[in-house]
Number of protein chains: 2
Amino acid sequence: MTGKEKVQYEAKARILKALAHPVRLWMAEQLAGGERCVCEFVDVLDLDFSTVSKHLSVLKQAGIVADDKRGKQVFYSLRVPCILNFMHCVEEVIQNNSARQAELAK
Amino acid sequence: MTGKEKVQYEAKARILKALAHPVRLWMAEQLAGGERCVCEFVDVLDLDFSTVSKHLSVLKQAGIVADDKRGKQVFYSLRVPCILNFMHCVEEVIQNNSARQAELAK
DNA sequence: TATACATTTGGCTATATTGCCAAATATAAA
DNA sequence: TTTATATTTGGCAATATAGCCAAATGTATA
């Protein structure tokens, strides 16, 4: 792995890492259905307001979501919908894993 | 987020997390070109043998790669090539981020 | 059998992440 | 202007991750 490659893969990994948390992943998928304000997530997520805000901040830093302040609220939206295509693949991995588990159990 | 959803998103996040490291991401892409033994990665990666082995173990646990012991060597291969499709999207995020940075700098 | 080679495992330290609380900030309403 | 609401920020403790070393395991070769 060359020095240039290293930098590139660190950048890619940063983006994956931003998505690699159950709450952030769920939020990203929710945003595919349209923008949401922080409070809407807090209502559903049984997490501290500050925790939700920080998760969204991680997604924002990574460039995955955009924020838009309107009045007292901040609305977040998905900047890169292609993110979601990947989820099919992740689900495929999970299914393969289950199938293999079942095979081993036989 | 319901209890069932929570479990599902934890599973998805585990898979993303396995990929969310520059070395593991790079190795996964390398494996798209065909199987490699641990020592081949060690030669290129300036990391301890045990570190490389553990990274591959993380990918294996996640179901992303398969291992095959032949003689003294263990060969790893990519179980789920669709993983790589996602990289285009990640690169798109990176490009958007650069473009936005450039716009802000103006 | 003894030895060398390829890999994994256990253990340790350093660092990063998560989530809560309290405090700060910003904006609208009274 | 005071107050309430929405959000962010700073800081802390608990937990997870990364990478090294040393030791254990498994397999081929001498």
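In what follows, chains are A, B, ... by sequence order, proteins preceding strands, each numbered from 1. Model, not experiment: these values are computed from the prediction.
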Close side-chain approach of A:Arg24 to A:Lys54, heavy-atom, < 4.5 Å: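 Side chain of A:Arg24 against side chain of A:Lys54, heavy atoms only: no contact under 4.5 Å found.
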
Does [X] place a side-chain N or O at less than 4.0 Å from the phosphate oxygens OP1/OP2 of [N]?
X	N	value
B:Thr51	D:dA18	no
A:Tyr76	D:dT8	yes
B:His55	D:dT17	no

First of A:Arg70 and B:Lys69 reached from the 5' end of DNA chain C, by closest nucleotide: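 Between the two, 5'-proximity favours B:Lys69.
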
DNA chain C: 5'-proximal contact among A:Gly71 and A:Val58 (nearest heavy atom):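 That would be A:Val58.
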
Using atom [atom1] of [X] as one end and atom [atom2] of [N] as the other, report the distance to the nearest whole Å.
X	N	atom1	atom2	answer
A:Phe41	D:dT8	CZ	P	12 Å
A:Arg14	D:dA18	CZ	P	15 Å
A:His21	D:dT15	NE2	C1'	12 Å
B:Asp48	D:dA23	CG	P	14 Å
A:Gln61	C:dT17	CD	P	12 Å
A:Glu40	D:dT5	CD	C1'	15 Å
A:Gln73	C:dA29	CD	P	11 Å
A:Lys72	C:dT27	NZ	P	12 Å

Proximity to the side chain of B:Lys54 - top-ranked nucleotide from C:dG19, D:dC20, C:dT7: D:dC20

B:Phe49 or A:Leu56, whichever maps to the more 5' nucleotide of DNA chain D: A:Leu56

Gap separating the CD1 atom of B:Ile64 from the CG atom of A:Asn96, nearest 0.5 angstrom: 11.5 Å

Neighbour count >12 (heavy atoms, 6.0 Å) for atom CG, B:Asp43: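 More than 12 heavy atoms, drawn from other residues, nucleotides or ligands, come within 6.0 Å of this atom.
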
[X] near the nucleic acid: base, sugar-phosphate alone, or nothing, with a heavy-atom cut-off under 4.0 Å?
X	result
B:Ser50	base
A:Lys17	sugar-phosphate
B:Arg24	sugar-phosphate

Side-chain donor/acceptor of B:Glu5 to backbone N/O of B:Thr2, under 3.5 Å: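 Answer holds: yes.
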
Contacts of type ring pair (Phe, Tyr, Trp, His ring centres under 6.0 Å), residue B:Phe86, not counting sequence neighbours: A:Phe86

